[in-house]
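Comments concern the structure below.
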Amino acid sequence: MEVLFELPVDGIHAAYPHALIDYTGEDYLHMLQWLTDFQPAEPTTLSEACRLQLTPVRQHLVVMDVEITDDSPPEDIDRHMRLLLLMMLGGILFPNTSRNLVSLLFLHHLERLDDLSGYSWGATVLAYLYRQICQACMENQRDVAGFIPLLQVKT
């Protein structure tokens, strides 16, 4: 993971904090608004309390891309970066089988952007991929989710 994709395997574990166990969908939407200044127009974009459809996020990013300039305040750039990172986490590193939902469980990792490089993302991505493969083998799931490029690497 570290050599091929430059995702560190050493560092802080990217774990889900126990403080967020009781969070509801509304709590995650408030956190999303606070960190990114993005609020979905329709509450139906939230699925299973902690998953958000990627389509409204993509549409918001298109509008936001035009607004970000060299003169933009650092807070706006950070908000934009958090949304882009959320898309990367949900759409590339930790996708689900729908390919259109992102887990908001990662939001707490995006609070402090300076800490992101200290997490063990490579180990987390690998563990997630193995879990998705296992689920695809054991359940009525036809597709495998996860960081599929890792399976396509020839040694």
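Reckoned from all heavy atoms, side chains included, excluding hydrogens, waters and symmetry mates. Since this is a predicted model, take the numbers as computed values, not measurements.
Between atom CG of residue L107 and atom OG1 of residue T36 there is a gap of 7.5 Å, rounded to the nearest 0.5 Å. Considering OG of S72 and CE of M64, their distance stands at 9.0 Å, rounded to 0.5 Å. Annotation: the span from L116 atom CG to M81 atom CE amounts to 9.5 Å, rounded to 0.5 Å. To the nearest 0.5 Å, the span separating CG on L29 from CE on M31 amounts to 11.0 Å. Atom CG of D70 sits about 8.0 Å away from atom CD1 of I77, to the nearest 0.5 Å. Atoms OG and CD1, from S120 and I12 in turn, are 10.0 Å apart once rounded to the nearest 0.5 Å.
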*Trace of the side chain to side chain contact (heavy atoms under 4.5 Å, CB included) decision for L126 with V9*: CA-CA 9 Å; L126 186 60; V9 294; over 6 Å; no

*Working for side chain to side chain contact (heavy atoms under 4.5 Å, CB included), residues E111 and L35*: CA-CA 7 Å; E111 185 174 348; L35 291 173; 4.0 Å; yes

_Worked verdict on L129 versus I133 for side chain to side chain contact (heavy atoms under 4.5 Å, CB included)_ = CA-CA 6 Å; L129 175 62; I133 291 171; 4.0 Å; yes

*asked:* Determine whether Y28 and R51 satisfy the following criterion, side chain to side chain contact (heavy atoms under 4.5 Å, CB included), listing intermediate values before the conclusion.
replied: CA-CA 9 Å; Y28 283 110; R51 291 184 183 181; over 6 Å; no

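In this pair, Y128 and F94 present their aromatic rings perpendicular. The plane angle is above 60°, beyond the 30 to 60° band.
Of all the heavy atoms in L52 and P40, the pair that sits closest is CD1-CG, 3.7 Å. The two residues L61 and L84 come nearest to each other via the heavy atoms CD1-CD2, 3.8 Å. Taking every heavy atom of both residues into account, H60 and F38 meet most closely at CG-CD1, 3.3 Å. Taking every heavy atom of both residues into account, T69 and V66 meet most closely at CG2-O, 4.4 Å. Of all the heavy atoms in P8 and S117, the pair that sits closest is CG-O, 4.2 Å. Considering all non-hydrogen atoms of both residues, L89 and W121 come closest at CD2-CZ3, 4.1 Å.
Within the 3.5 Å criterion, the main-chain N or O of L110 finds a donor-acceptor partner in the side chain of R82.
When the salt bridge (charged side-chain N to carboxylate O under 4.0 Å, His left out) test is applied to D76, the partners found at least two apart in sequence or on another chain are R79. Residues meeting the salt bridge (charged side-chain N to carboxylate O under 4.0 Å, His left out) test with D37, sequence neighbours left out: none.
Within the 4.5 Å cutoff, the side chain of L85 has heavy atoms near those of the L113 side chain.
Sorted by first and then second residue, the salt bridge (charged side-chain N to carboxylate O under 4.0 Å, His left out) pairs involving residues 119-136 (not counting sequence neighbours) form an empty list.
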